[in-house]
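Below is one structure; the comments refer to it alone.
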Amino acid sequence: MPRKTLNASRLQDEVNRRIHRIPEIVEDGVKIRVPRPQKQELDKAGCNWTMKHFGNAIGYERFVDEVLTAVRAEYNLSDTDDAKDVRSLFGE
């Protein structure tokens with residue numbers, strides 16, 4: 001099945017949403033900081049992005065890894081940047 005594509009913000013939101021729906025994380029009231037996805041060359045599985053350095057995730061690494069594995073299997077990072085270039089707003 002081909003992967004769907006999302007921009008960086010939407011990928012970050014999807015990983016964040018899935019992590020914060022995990023019952024153990026909800027019950028503990030933990031807020032894990034989800035980093036922006038970073039573009040990479042296609043890996044063996046065909047994924048073109050990764051995430052590193054989740055904040056406040058000590059003790060929850062297994063859950064983070066499971067979510068990250070699932071989302072990386074479903075989505076690739078789109079080539080279009082979701083942040084507008086400020087210079088283009090001023091015609092530079």
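Only a predicted model underlies this, so the values are computations on that prediction, with no experimental measurement involved.
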Is Arg18 salt-bridged to Glu74, cutoff N-O under 4.0 Å?
->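 Answer for the salt bridge query: yes.
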Distance (rounded to the nearest 0.5 Å) between [X] [atom1] and [Y] [atom2]:
{"X": "Leu68", "Y": "Met51", "atom1": "CG", "atom2": "CE", "answer": "6.5 Å"}
{"X": "His53", "Y": "Gln38", "atom1": "NE2", "atom2": "CD", "answer": "9.0 Å"}
{"X": "Leu6", "Y": "Ser78", "atom1": "CG", "atom2": "OG", "answer": "7.5 Å"}

Are [X] and [Y] packed together at the side-chain level, in the sense that at least one heavy-atom pair is separated by less than 4.5 angstrom?
{"X": "Leu11", "Y": "Leu77", "answer": "yes"}
{"X": "Val67", "Y": "Ile22", "answer": "yes"}
{"X": "His20", "Y": "Val26", "answer": "no"}
{"X": "Asn76", "Y": "Trp49", "answer": "yes"}
{"X": "Phe54", "Y": "Val15", "answer": "yes"}
{"X": "Gln12", "Y": "Pro37", "answer": "yes"}
{"X": "Tyr75", "Y": "Arg3", "answer": "no"}
{"X": "Arg10", "Y": "Glu14", "answer": "no"}

Go through the structure and list residues passing salt bridge (charged side-chain N to carboxylate O under 4.0 Å, His left out) with Asp28, not counting sequence neighbours.
->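 For Asp28, no residue satisfies salt bridge (charged side-chain N to carboxylate O under 4.0 Å, His left out) once neighbours in sequence are set aside.
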Taking atom CD1 of Ile58 as the centre, report whether more than 12 heavy atoms of other residues, nucleotides or ligands fall under 6.0 Å from it.
->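 Open.
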Heavy-atom closest contact (Arg72 atom, Thr50 atom, distance) |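 For Arg72 versus Thr50, the nearest heavy atoms are NE-CA, 4.1 Å.
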Does a donor on one side chain sit under 3.5 Å from an acceptor on the other, for Ser9 and Arg36?
->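 Indeed, the side chains of Ser9 and Arg36 share at least one donor-acceptor pair under 3.5 Å.
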Residues Phe63, Ile19; criterion side chain to side chain contact (heavy atoms under 4.5 Å, CB included); working and verdict | CA-CA 7 Å; Phe63 300 114; Ile19 286 173; over 6 Å; no
Distance-only, no hydrogens or angles: does the Asn56 side chain make a donor-acceptor pair with backbone N or O of Lys31 under 3.5 Å?
->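 Checking the backbone N and O of Lys31 against the side chain of Asn56, a donor-acceptor pair under 3.5 Å is found.
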